[in-house]
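Presented below is the structure to which this report refers.
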Amino acid sequence: MSKLQLSIAQKQNLQQFVQYVKLNPEVLHDEDLQFFKDFLINDCGATKLITPKAQVIKEEDMSDKYLDVLGSEFSLIKERNPKKVNELTDKGNKAFKEKNFKDAAIFYGKAIELSDGESAILFIKRAECLLQLNKPLSVRRDCDIAIRLNPEAGKAYRLRGKAYISLGKYKEAKESLEISRRLEDDTTESDKLLEEVKGKLNNNNSSTNTSTTAIPNTNEMKNNNNINPQLMKLVSQDKELMNAILNNERISIAINEIASNPNAALKYNNDKEVMTMFMKFMKILGSTNK
């Protein structure tokens, strides 16, 4: 028999496979890997990793990493256990009904990993949980993936529209919600949200001279366009505020929203981080108006 030549990529996959089995020996009970299990036991005499199914059952790994996992980290194990995917999805559905949104998102994330990130429905389900957990950027990410997997997924557009509203991106929200209305049978929520977004856009269009009172965003800081020079200088001297502006989109958007609409402060009243940065900004702004 001629010597088997493995490519570099194949060797890397094989190394990943062995490492994965070491960390997750329960996969050896999957029917698709029965041949490998037989090889280990019958040809290699390896029994250390081959534990009875009853011993494999352990406490669920409820790590936060499943809030962000996008697929299997190991490409050779794909759809390895459809029954487990369904089981995790059912657990997620149950947790969601009980309003335990974090656990639901984690269960959906585990199902996403087992299905190698190929289920638009699972990404939509997790996005709905992440929206409840006030993670709009993660919602947008999951919805983008769901739409790529299924361009006709109307709910993904609706959830993405809601995420854009939370981020203060009303133009993008309007675009997503309009697509949702075309794809979904029940447009009640999309209709209501569209009215809200159109109102926000109209208010923004009617506002003038906001560039001198709004907090500079990242691009403005880099380009130095349309900003009160004194305001920019003072903001740049506050390292904590400057870091928040450049590296924390959530805070930058929130401060802009409050600056343009003081009533929005009620929305962030319990967000200590946002309110602390906003008060810093307002103190600096006040000094420039003296």
Could you tell me whether [X] and [Y] make a salt bridge, using a distance below 4.0 angstrom between a side-chain N and a carboxylate O?
| X | Y | result |
| --- | --- | --- |
| R140 | E172 | no |
| K155 | E184 | no |
| E196 | K192 | no |
| E87 | K84 | yes |

Is there a path of hydrophobic side-chain contacts, each under 4.5 Å between heavy atoms of I, L, V, M, F, W or Y residues, that connects L130 with L149? yes
Would you say I121 and I145 are hydrophobically clustered, going by side-chain heavy atoms of ILVMFWY under 4.5 Å? no
- [ ] Kindly indicate, with the supporting measurements, whether the criterion salt bridge (charged side-chain N to carboxylate O under 4.0 Å, His left out) is fulfilled by K174 and E178.
- [x] CA-CA 6 Å; K174 180 174 178 289; E178 286 177 340; 2.8 Å; yes
query = Is there side-chain contact between L122 and V85, with heavy atoms separated by less than 4.5 Å?
reply = yes
Please name the pair of heavy atoms, one in [X] and one in [Y], separated by the smallest distance, quoted to 0.1 Å.
| X | Y | result |
| --- | --- | --- |
| S180 | R158 | OG-CB, 3.3 Å |
| L67 | R141 | O-NH2, 3.1 Å |
| A173 | G161 | CB-O, 3.5 Å |
| I112 | F123 | CG2-CZ, 3.6 Å |
| I253 | G168 | CG2-N, 3.9 Å |
| V139 | A163 | CG1-CB, 3.7 Å |

If you measure from [atom1] on [X] to [atom2] on [Y], what distance do you get to the nearest 0.5 Å?
| X | Y | atom1 | atom2 | answer |
| --- | --- | --- | --- | --- |
| F107 | M62 | CZ | CE | 4.0 Å |
| L88 | Y66 | CG | OH | 9.0 Å |
| L159 | C129 | CG | SG | 10.0 Å |
| L131 | K162 | CG | NZ | 5.5 Å |
| L193 | S176 | CG | OG | 11.5 Å |
| L167 | I165 | CG | CD1 | 10.0 Å |

Donor-acceptor pair, side chain of N243 and main chain of K239, under 3.5 angstrom: no
Query raised in the report: Just by modelled atom types, is the T188 backbone N or O under 3.5 Å from a matching donor or acceptor in the D186 side chain?
Result: yes
Of N93, D142, T89, the one forming a side chain to side chain donor-acceptor pair (under 3.5 Å) with Y108 is N93
Quiz prompt | Polar contact flag, side-chain donor to acceptor under 3.5 angstrom, S190-R181 | solution = no
Residues at least two apart in sequence or cross-chain that pass ring pair (Phe, Tyr, Trp, His ring centres under 6.0 Å) with F101, listed by chain then number, are F96
So Y164 and V197, side-chain contact (heavy atoms from CB on, under 4.5 Å) or not? Walk me through it.
CA-CA 10 Å; Y164 277 133; V197 167; over 6 Å; no
Applying side chain to side chain contact (heavy atoms under 4.5 Å, CB included) to K280 and not counting sequence neighbours gives D238, E240, L241, M277
Note to self: Under the criterion side-chain contact (heavy atoms from CB on, under 4.5 Å), I'd like the reasoning laid out for D64 against K102: C-alpha separation, chi angles, the key distance, then a yes or no.
What the structure shows: CA-CA 9 Å; D64 283 0; K102 184 174 181 180; 2.9 Å; yes
Tracing side-chain contacts under 4.5 Å among Ile, Leu, Val, Met, Phe, Trp and Tyr outward from I179 reaches I147, Y157, L183
